*Asks:* 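If you scroll down you'll find the structure; I have some questions about it.
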Amino acid sequence: MIDIDVKNLKKSFEVGHDVLSGLSFEINAGEHVGILGANGCGKTTLFRLLTGEYTPDEGTIAIHKGRRIGLISQIPVYPAGWTTEDVLREAHARLRAMSDRLRELEELMGSDPAKALLDEYDRLSDDFRRLGGYDMERERNRVANGLDIPEAMREREFDKLSGGEKTRVNLARLILEDTDILLLDEPTNHLDLRATEWLEDYITHFRGTVLAISHDRYFLDTVAQRCIEIVDGHAEFYSGNYSFYAVERQRRFEEQLRKYEKDQAKIEQLQKAAAQMHLWAFMGNDKLHKRAFSMEKRIERLSQTEKPKEARKLTASFKESEFRADEAIVAEGLGKGFAGRALFSGVNFKVTGGEHIAVIGDNGTGKSTLVKLIVGEEEPDSGYVRRGPAIRMAYLPQIVKFRDPTLSAADTVIDECHCTMQDARDSLGAFGFTGEDALKAVGTLSGGEQSRLRLCILMRSDVNLLILDEPTNHLDISSREWMEDALSSYGETLLFVSHDRYFIEKFATRIWCFENGQITDFRGTFSEFREWQARQRALAQAAKATVPKAEKKAKRSGTPEREKQLRRVEREIGKAEARLAEIEKEYEANASDYVKLMELDAERDGLNSQLDTLYLEWEELDES
């Protein structure tokens, strides 16, 4: 069954410039589809056409009868004084109306137990139960907790929330409503890692239809079953998630390029042959003219093949200032809080040259505050943090500012880097600021463009400590890939705060996870950290499920062999975990010994594999 049927859709906002020009596609009921395309290609316009906010210039949109559509980017206007809780409760307006009618029927039946009233009550009771009427409050709490909407926010007036908070609340409202088709326009923009993963899990199990626009590639990999890319106003189809799309798109480009090059070679061959035949025809063989004309018609057909376009790659790279000292950043007893609330305390760490550290954790746990302490924008409440004496630092904050927003991008580069106009234009061109874009006032640039411009300026400096606070927040996918290209060859110390799991997995060799006022310092990649977290949760769950020893002995009487095996496995687990703890200490002691670090990595991988086996064996023995 088709939920959405779009045929030959056209939409323009200025004469001669079609945003959508003949867009056609079908979405089946229950499909989860990623909508891709460069900024300005018409993705958000498409969503507004689907909801009826815009009217198409040409073409048709058919939504299956009875289907309810919810769009996350639209934030309704609510009555003055409404709290966040009022907005969440509004999602259950239909169920609350049914509840009111049930109470009304109960009162009527007390004085007049007519069959019609009894029938209506039975029918309404069944509908109320089937639609989750008895679980309204529990469901509100579940969704609010999952999307990081705490009790304090639920009590605040909705109009006084920030834009990001309003977006989260609106997303929660849509999830709570009985929506059949979800249109998600950058739903993860204001979510931390935990809330993003909660949303992914919800969408994965959502039985309705989902169309998602997102720059979060990890999110698209998780939720999208197929992708539609909008290119020059038309739809290109890919039968898989984002990773499939990225590989298949490159394959199609290379195939089209080979065909184009083959056609160009054939054109050159035919042109030479046609010219020769015309020459021979003048020497007395008129029939050769016809053959030459036939070749020229074929040349005309082959010339219609356009050269495929590939997104421009970033060609710039960081100028690095070599740094081989042991200490890049050191902290002892570091603590910081605001308004009487401690964000973290007693934090100790040592960062050596060349490490790439990802700082992760929920919103409000102190990640950006730690960065500001390191760069010197904030002072600690306790302890200290210092940078090494040979450090040359560059810092890209979340909110980029420039000294004079009226200056053009080119003049800003000249002003801050003391370079020539040609040098500035060359650097800007490598970052996508070509032609008139380089002459735009920086104050008129989007958040993503300003981040890109600041990165362009940073890359002109000799840097051995690069600190990035949410570097991909305002960037589309192509801009994120540009930034990754720039960082891929950067071998000096990198410290970055991010919720972008794709970015974290690509660059992090060490993880700092903020949680409950403490920092978990894990040496390894993001995927290794997640595996370690899963093991810790499994152990904690197993510990909770453990019954008192006396009770265990009573249950296990008559199984001495199994008890012996269980104690053996527990001893082996203890030894392996103790050795892993020792390895963590040896990392710091041998930070400058590459060969030793490689040996420690290999030993750690072997111990982790051994622990996975031991944990499974322990669970089987403990449950038997």
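Not measured: the values here are computed from a predicted model.
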*Asks:* Between the side chains of S243 and N241, is a donor N or O closer than 3.5 angstrom to an acceptor N or O?
*Replies:* no

*Asks:* A side-chain contact here means heavy atoms from C-beta on lying under 4.5 Å apart; do H92 and R140 qualify?
*Replies:* yes

*Asks:* Would the distance check show the side chain of S294 and the main-chain N or O of K290 forming a donor-acceptor pair, the cut-off being under 3.5 Å?
*Replies:* no

*Asks:* Are F503 and F496 close enough that their ring centers fall under 6.0 Å?
*Replies:* yes

*Asks:* Going from OH on Y260 to CG on L302, what distance comes out if it is rounded to the nearest 0.5 angstrom?
*Replies:* 11.5 Å

*Asks:* Would E137 and N141 count as having a side-chain donor-acceptor pair, cut-off 3.5 Å?
*Replies:* no

*Asks:* Taking salt bridge (charged side-chain N to carboxylate O under 4.0 Å, His left out) as the criterion, tell me which of R173, R156, R154 meets it with E85.
*Replies:* R154

*Asks:* In plain terms, say whether E261 and K266 are close enough for a salt bridge, that is, a side-chain N and a carboxylate O under 4.0 Å apart.
*Replies:* no

*Asks:* Working to the nearest 0.5 Å, report the span between CD1 of I414 and CD of E416.
*Replies:* 11.5 Å

*Asks:* I230 and C41: which non-hydrogen atoms are nearest, and at how many Å?
*Replies:* CG2-O, 3.5 Å

*Asks:* Going by an N to O cut-off under 4.0 Å, is there a salt bridge joining E255 and R251?
*Replies:* yes

*Asks:* Going from CD1 on I213 to CG on L184, what distance comes out if it is rounded to the nearest 0.5 angstrom?
*Replies:* 9.0 Å

*Asks:* Do H499 and T196 come within less than 4.5 Å of each other through their side chains, counting heavy atoms only?
*Replies:* no

*Asks:* Output the distance between atom CG (L220) and atom CG (D216), rounded to the nearest 0.5 Å.
*Replies:* 7.0 Å

*Asks:* Carefully, step by step, assess D500 and Y218 under the rule side chain to side chain contact (heavy atoms under 4.5 Å, CB included).
*Replies:* CA-CA 8 Å; D500 185 339; Y218 211 108; 5.6 Å; no

*Asks:* When rounded to the nearest 0.5 angstrom, what is the spacing between OH in Y242 and OG in S214?
*Replies:* 10.5 Å

*Asks:* Side chains of N170 and T167: donor-acceptor distance under 3.5 Å anywhere?
*Replies:* no

*Asks:* Is the shortest distance from a Lys or Arg side-chain nitrogen in R217 or E484 to a carboxylate oxygen in the other one below 4.0 Å?
*Replies:* yes

*Asks:* Are any of the side-chain heavy atoms of I228 and L36 separated by less than 4.5 Å?
*Replies:* no

*Asks:* Do we see a donor-acceptor contact under 3.5 Å between the side chains of D86 and T83?
*Replies:* yes

*Asks:* Should D180 and R68 count as an ion pair when the cut-off is N to O under 4.0 Å?
*Replies:* no

*Asks:* Would you please classify the geometry between the Y245 ring and the Y238 ring as parallel, tilted or perpendicular, with 30° and 60° separating the classes?
*Replies:* perpendicular

*Asks:* Within 45 degrees of the ring normal and closer than 6.0 Å to the centroid, is that where the cationic atom of K43 sits relative to F47?
*Replies:* no

*Asks:* Between the main-chain N or O of M136 and the side-chain N or O of E139, is there a donor-acceptor pair closer than 3.5 Å?
*Replies:* no

*Asks:* Under 4.5 Å between any side-chain heavy atoms of L88 and L176, yes or no?
*Replies:* yes

*Asks:* Between T179 and I181 (side chain of the first, backbone of the second, donor and acceptor by atom type, cut-off under 3.5 Å), is there such a pair?
*Replies:* no

*Asks:* Donor-acceptor pair, distance only, cut-off 3.5 Å: does the side chain of S21 make one with the backbone of D18?
*Replies:* no

*Asks:* Determine yes or no for a side-chain-to-main-chain donor-acceptor pair under 3.5 angstrom, with N28 supplying the side chain and E31 the backbone.
*Replies:* no

*Asks:* If the threshold is 4.0 Å, N to carboxylate O, is there a salt bridge linking D469 and K367?
*Replies:* no

*Asks:* Working note: D148 + D192, criterion side chain to side chain contact (heavy atoms under 4.5 Å, CB included); need CA distance, chi angles, decisive distance, verdict.
*Replies:* CA-CA 8 Å; D148 192 22; D192 58 28; 3.5 Å; yes

*Asks:* I'd like to check T188 versus H215 (side-chain heavy atoms, cut-off strictly below 4.5 Å). Are they in contact?
*Replies:* no

*Asks:* Can you give me the closest heavy-atom contact between S451 and L396, atom names plus distance?
*Replies:* O-CD1, 4.0 Å

*Asks:* Keeping H278 on the side-chain end and Q276 on the backbone end, is there a donor-acceptor pair under 3.5 Å?
*Replies:* no

*Asks:* Determine, stepwise, if the pair D485 / S488 fulfils side chain to side chain donor-acceptor pair (under 3.5 Å).
*Replies:* CA-CA 5 Å; D485 287 343; S488 61; 5.2 Å; no

*Asks:* Just by modelled atom types, is the F206 backbone N or O under 3.5 Å from a matching donor or acceptor in the H32 side chain?
*Replies:* yes

*Asks:* Taking all heavy atoms of P308 and all of Q256, pick out the closest pair and write down the distance.
*Replies:* CB-OE1, 3.6 Å

*Asks:* Can R123 and D126 be counted as an ion pair, charged N to O under 4.0 angstrom?
*Replies:* no

*Asks:* For T45 and K11, work out which heavy atoms get closest and say how close.
*Replies:* CG2-CG, 4.0 Å

*Asks:* List the steps, then state whether side chain to side chain donor-acceptor pair (under 3.5 Å) holds for Q250 with E254.
*Replies:* CA-CA 6 Å; Q250 184 63 26; E254 291 170 359; 3.1 Å; yes

*Asks:* Any salt bridge between R501 and E200, counting N to O under 4.0 Å?
*Replies:* yes

*Asks:* Return yes if some donor-acceptor pair links the side-chain N/O of T84 with the main-chain N/O of M153 below 3.5 Å, else return no.
*Replies:* yes

*Asks:* Around D232, counting heavy atoms of other residues, nucleotides and ligands shown, do more than 12 lie under 6.0 Å from its CG?
*Replies:* no

*Asks:* Verify side chain to side chain contact (heavy atoms under 4.5 Å, CB included) between S368 and Q398, making sure each step is shown before the conclusion.
*Replies:* CA-CA 9 Å; S368 293; Q398 277 195 51; 3.1 Å; yes

*Asks:* Check this for me: does any side-chain nitrogen of one of R96 and D100 sit under 4.0 Å from a carboxylate oxygen of the other?
*Replies:* no

*Asks:* Could you report the tightest heavy-atom contact between S24 and A235, atom names first, then the distance?
*Replies:* O-CB, 3.7 Å

*Asks:* Quiz question: by atom type and distance under 3.5 Å, do the side chains of Q264 and E268 form a donor-acceptor pair?
*Replies:* no

*Asks:* Short question: side chain of N8, backbone of T60 - any donor-acceptor pair under 3.5 Å?
*Replies:* no

*Asks:* Is there a side-chain contact between L9 and L49 (heavy atoms, below 4.5 Å)?
*Replies:* yes

*Asks:* Under 3.5 Å, is there a donor-acceptor pair between the S527 and E505 side chains?
*Replies:* yes

*Asks:* Taking atom OG1 of T51 and atom CD1 of I69, what is their separation to the nearest 0.5 Å?
*Replies:* 7.0 Å

*Asks:* Do F253 and R258 have side chains that get closer than 4.5 Å, going by heavy atoms?
*Replies:* no

*Asks:* Would Y78 and F158 count as a ring pair (Phe, Tyr, Trp, His ring centres under 6.0 Å) if you check the C-alpha gap in whole Å, the side-chain angles of each, and the deciding distance to 0.1 Å?
*Replies:* CA-CA 8 Å; Y78 297 104; F158 181 78; 5.2 Å; yes

*Asks:* Decide if atom CZ of R207 counts as having more than 12 heavy atoms of other residues, nucleotides or ligands within a radius under 6.0 Å.
*Replies:* no

*Asks:* As a quick check of understanding, evaluate side chain to side chain contact (heavy atoms under 4.5 Å, CB included) for I63 and I4, giving each step before the final call.
*Replies:* CA-CA 5 Å; I63 307 295; I4 302 173; 3.9 Å; yes

*Asks:* I want to check something: taking the side chain as every heavy atom from C-beta on, are H64 and I2 in contact at a cut-off of under 4.5 Å?
*Replies:* no

*Asks:* Under a 4.0 Å threshold between the charged nitrogen and the carboxylate oxygen, would R194 count as salt-bridged to D362?
*Replies:* yes

*Asks:* Specify the closest pair of heavy atoms between V442 and D404, including all atoms of both residues, with the distance to one decimal.
*Replies:* CG2-O, 3.7 Å

*Asks:* Between R454 (side chain) and K401 (backbone), is there a donor-acceptor pair under 3.5 Å?
*Replies:* yes

